[in-house]
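Below is one structure; the comments refer to it alone.
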Amino acid sequence: MNATYRELTLAGLWKNNPGLVQLLGLCPLMAVTTNVVNGLGLGLATLLALVASNLAISLVRDFIREEIRIPAFVLIIAGNVTLIEMLIRAYFHDLYNILGIFIPLIVTNCIVIGRSEAYASKNPPLHAGYDSLMMGIGFMLVLMVLGGMRELVGNGTLFAQAHLMFGEAARGLTLTLGDDFKGLLLAALPPGAFIGLGFLVALKNYIDKRMAQTAKSAKTMPINNLGETA
């Protein structure tokens, strides 16, 4: 992997993660992350919209006049999201009923529009596609982790309703903390999403701080005459 793709990978998954650093797309992130499956479903839809839209915008960027670039970008994104919505409605109808309005709202998601304007409109298709792929995966992982936290604390389960995406055979994937687990209602409510996201952001900042301190310590570590660390 060359330097460009390595940088895009680190940026999308960690350093510039849309959900933990840019804090974009908070509306669906807070609304649908009541369990892992909902987060995975919306995350995949957003990922597909990102990749398809950024590739298309990168391909036609030289043919779009500066004055109309934003309306043109929104039109391209809306076309892709409409197609994705139709596919989800056709093949994952029960999941579609749960996600509801948040699928078409991907059109106005700041992540999709932001990457189109900031990166896809200025870079070749391969780089634009890879950037959108990493950003989409990073956002999807945040949705899934937050959904898992809320589902586990709120309901005492993990991977409940997995059959909505993977068929009836996936009903057996559900993990539970036991029939006696009462759950914490706050985790299932919108305030629980804000609290959970706050914990995730704090954890990321803590890890970044420790990594920076470790790197600084490694640079300042004394070296003896044999070229070995003291």
Side-chain angles (χ1 to χ4, degrees), residues 1 4-58 61 69-70 73-74 76-78 80-81 84-85 88 99-123 125-150 190 192-209 211:
M1 182 183 294
T4 299
Y5 290 110
R6 188 181 300 111
E7 292 169 0
L8 292 176
T9 301
L10 291 175
L13 299 182
W14 188 259
K15 291 184 177 180
N16 201 27
N17 185 285
L20 298 180
V21 179
Q22 301 181 58
L23 297 179
L24 298 176
L26 292 186
C27 180
L29 191 147
M30 299 297 178
V32 304
T33 54
T34 53
N35 59 52
V36 176
V37 174
N38 289 356
L40 175 60
L42 187 64
L44 283 174
T46 306
L47 170 62
L48 291 174
L50 260 171
V51 174
S53 300
N54 280 14
L55 278 174
I57 289 170
S58 180
R61 70 186 192 282
R69 71 184 190 285
I70 298 300
F73 293 170
V74 172
I76 293 172
I77 295 169
N80 288 319
V81 171
I84 293 169
E85 180 184 11
I88 295 176
L99 298 180
I101 190 62
F102 292 102
I103 298 177
L105 280 178
I106 293 175
V107 176
T108 60
N109 193 313
C110 296
I111 300 172
V112 184
I113 297 177
R115 296 319 296 172
S116 298
E117 170 67 11
Y119 199 87
S121 63
K122 301 177 178 67
N123 290 276
L126 284 179
H127 288 174
Y130 193 80
D131 170 78
S132 60
L133 179 65
M134 291 300 104
M135 287 288 172
I137 292 176
F139 184 65
M140 181 177 67
L141 290 176
V142 173
L143 288 174
M144 292 178 63
V145 172
L146 183 58
M149 291 170 53
R150 296 179 65 191
F194 280 98
I195 295 171
L197 181 62
F199 276 118
L200 291 179
V201 173
L203 177 61
K204 182 191 181 302
N205 291 340
Y206 173 77
I207 294 174
D208 284 341
K209 184 177 180 180
M211 291 176 63

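Values below: all heavy atoms of this structure, side chains included; hydrogens, waters and symmetry mates excluded.
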Looking at [X] and [Y], what are the two nearest heavy atoms and their distance?
{"X": "Leu99", "Y": "Asn38", "answer": "CD2-O, 3.8 Å"}
{"X": "Arg61", "Y": "Pro125", "answer": "NH1-CD, 4.4 Å"}
{"X": "Pro28", "Y": "Asn109", "answer": "CG-ND2, 4.0 Å"}
{"X": "Ile84", "Y": "Ala49", "answer": "CD1-N, 3.4 Å"}
{"X": "Gly12", "Y": "Pro18", "answer": "O-CD, 3.8 Å"}
{"X": "Phe139", "Y": "Gly25", "answer": "CZ-O, 3.8 Å"}

State, yes or no, whether a side-chain contact exists between [X] and [Y] at a heavy-atom distance under 4.5 Å.
{"X": "Asp131", "Y": "Leu50", "answer": "no"}
{"X": "Val21", "Y": "Lys15", "answer": "no"}
{"X": "Leu203", "Y": "Phe199", "answer": "no"}
{"X": "Asn35", "Y": "Arg150", "answer": "no"}
{"X": "Phe102", "Y": "Cys27", "answer": "yes"}

What distance do [X] atom [atom1] and [Y] atom [atom2] have between them, rounded to the nearest 0.5 Å?
{"X": "Met134", "Y": "Leu13", "atom1": "CE", "atom2": "CG", "answer": "5.5 Å"}
{"X": "Ile101", "Y": "Glu85", "atom1": "CD1", "atom2": "CD", "answer": "8.0 Å"}
{"X": "Ser132", "Y": "Leu48", "atom1": "OG", "atom2": "CG", "answer": "10.5 Å"}
{"X": "Leu44", "Y": "Met144", "atom1": "CG", "atom2": "CE", "answer": "8.0 Å"}
{"X": "Asn17", "Y": "Ile137", "atom1": "CG", "atom2": "CD1", "answer": "11.5 Å"}
{"X": "Leu29", "Y": "Phe194", "atom1": "CG", "atom2": "CZ", "answer": "9.5 Å"}

Is the side chain of [X] donor-acceptor paired with the backbone N or O of [Y] at a distance under 3.5 Å, no angle test?
{"X": "Asn80", "Y": "Ile76", "result": "yes"}
{"X": "Thr108", "Y": "Leu105", "result": "yes"}
{"X": "Gln22", "Y": "Asn16", "result": "yes"}

Is the gap between the ring centers of Tyr5 and His127 under 6.0 Å? yes

Cut-off 3.5 Å, side chains only: do Thr4 and Tyr130 have a donor facing an acceptor? no

Do Arg69 and Ser121 have a side chain donor and acceptor closer than 3.5 Å?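 There is no such pair (donor and acceptor under 3.5 Å, judged by atom type) between the side chains of Arg69 and Ser121.
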
Go through the steps for Val107 and Val112 under the test side-chain contact (heavy atoms from CB on, under 4.5 Å), then give the verdict. CA-CA 7 Å; Val107 176; Val112 184; over 6 Å; no

Before giving the answer on side-chain contact (heavy atoms from CB on, under 4.5 Å), spell out for Leu200 and Val145 the whole-Å C-alpha distance, their side-chain angles and the decisive distance to 0.1 Å. CA-CA 9 Å; Leu200 291 179; Val145 172; 3.9 Å; yes

Is it true that atom NZ of Lys122 has more than 12 heavy atoms of other residues, nucleotides or ligands lying nearer than 6.0 Å?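 Counting other residues, nucleotides and ligands, NZ of Lys122 exceeds 12 neighbours.
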
Does Glu117 form a side-chain contact (heavy atoms from CB on, under 4.5 Å) with Ile70? I'd like the steps, not just the answer. CA-CA 8 Å; Glu117 170 67 11; Ile70 298 300; 3.5 Å; yes

